[in-house]
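Comments concern the structure below.
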Amino acid sequence: MTLHWLDTDKRRPAFTFYKTFMPHARITKKEALCVIYGDHQPGLLTQNQTIKRQPDKKQVEAGEQRESALLESGQLGNKPLAIEQPEDREIIAAARIRPIGHYRLLTGLLVHPKLRRQGLGHRLMQALTPTFGQAPTFLFCDARLIPFYQRHGFALPNTPPSELLQLQRRYQGNAGSDAGVKENTLILMQYRKEA
């Protein structure tokens, strides 16, 4: 499974993916955004979406520059990952890593609804794991997802950073602000390197 890290100016398909399946998501330019493209998933791709374009030389160079910048900044850890431009393939999964001070927040983990419960979320987390650990990495999740994230090395933090506790309070304050939306409790979890 290949993660495709998208340049900030090549994210339009990802914006559409999030708007369709996670309308409350707010993608920022400072976030690292990765996607996984479907390989002719039955019932997902229309005929015109299955045409693949080869990236031109400028696109390849831009991807290589983005990879170098992400590696140098420490956002991806020390393992190079595939960085490509959006293609005419459908996005089936996505995730974002947002810097918050010297911490990182895994956010917006999203799998296409038609492909859920098939292990794609686990494969996405496994592909993301090399990017964790370079800086303390956290996430917020619904309580029912704690076992999922525990399988991938996340646990409740011993001493949560105040920046993330403030963000958690803000998120929870906004959770019930939309009409008809029940307030959910968000759980803060931190990635722990396996010993």
Side-chain angles (χ1 to χ4, degrees), residues 3 5-8 11 14-15 17-36 66 69-79 81 91 93-113 116 120-195:
L3 294 177
W5 294 90
L6 303 182
D7 289 324
T8 55
R11 294 179 172 188
F15 288 136
F17 181 70
Y18 275 105
K19 185 176 181 178
T20 303
F21 301 115
M22 189 185 278
H24 63 277
R26 301 291 179 256
I27 302 170
T28 67
K29 287 184 178 182
K30 66 182 178 178
E31 295 174 335
L33 189 151
C34 67
V35 299
I36 297 172
R66 176 72 173 149
L70 289 171
L71 287 170
E72 287 174 16
S73 72
Q75 283 186 292
L76 297 182
N78 59 8
K79 183 176 179 182
L81 299 172
I91 296 172
R96 304 184 328 263
I97 298 176
R98 179 188 313 165
I100 297 178
H102 69 276
Y103 306 109
R104 296 183 321 155
L105 182 68
L106 174 63
T107 186
L109 187 76
L110 177 60
V111 173
H112 192 293
R116 292 180 184 162
L120 186 56
H122 289 291
R123 293 195 310 267
L124 176 58
M125 286 297 292
Q126 289 166 351
L128 281 166
T129 297
T131 68
F132 304 149
Q134 192 72 4
T137 303
F138 294 83
L139 60 80
F140 295 113
C141 70
D142 186 272
R144 63 187 168 81
L145 294 174
I146 290 174
F148 172 82
Y149 289 112
Q150 285 175 328
R151 285 183 58 183
H152 297 286
F154 283 85
L156 298 176
N158 294 330
T159 309
S162 61
E163 297 99 314
L164 293 169
L165 289 174
Q166 289 172 357
L167 187 59
Q168 181 181 28
R169 283 191 292 274
R170 192 175 93 210
Y171 284 169
Q172 289 195 187
N174 292 337
S177 63
D178 295 332
V181 176
K182 248 185 186 177
E183 186 170 340
N184 292 324
T185 301
L186 291 175
I187 306 298
L188 178 64
M189 299 186 80
Q190 179 177 8
Y191 180 73
R192 307 268 188 208
K193 289 183 182 179
E194 295 182 26

Any idea how F140 and Y171 line up, ring-wise: parallel (<30°), tilted (30 to 60°), or perpendicular (>60°)? perpendicular
Check the orientation of H122 and F148. Use parallel for under 30°, tilted for 30 to 60°, and perpendicular for over 60°. tilted
Using the side-chain contact (heavy atoms from CB on, under 4.5 Å) rule, pick out the option among L139, T131, L33 that qualifies with I97.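 Exactly one candidate clears the test, T131.
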On a heavy-atom basis, which atom in [X] and which in [Y] lie closest, and how many Å separate them?
X    : Y    : value
I91  : H112 : O-CD2, 4.2 Å
R98  : L167 : NH1-CD2, 4.2 Å
M125 : T129 : O-OG1, 2.8 Å
R192 : P157 : NH2-CA, 3.2 Å
I27  : R11  : CG2-NH1, 4.0 Å
H102 : A135 : O-CB, 3.7 Å

Approximate separation, where rounding is to 0.5 Å, of [X] [atom1] and [Y] [atom2]:
X    : Y    : atom1 : atom2 : value
Y18  : L110 : OH    : CG    : 6.0 Å
D7   : K29  : CG    : NZ    : 12.0 Å
E31  : L6   : CD    : CG    : 12.5 Å
L188 : L164 : CG    : CG    : 6.0 Å
H152 : L124 : NE2   : CG    : 9.0 Å
Q190 : T137 : CD    : OG1   : 8.0 Å

Would a 4.5 Å heavy-atom cut-off, applied to side chains only, mark [X] and [Y] as touching?
X    : Y    : answer
C141 : F154 : no
R96  : T28  : no
R169 : L186 : no

Under the side chain to side chain contact (heavy atoms under 4.5 Å, CB included) rule, what do L109 and Y149 come out as? Steps first, then yes or no, please. CA-CA 11 Å; L109 187 76; Y149 289 112; 3.3 Å; yes
For F17, check ring-ring contact (aromatic ring centres under 6.0 Å, His included) against everything at least two apart and list the hits. F21
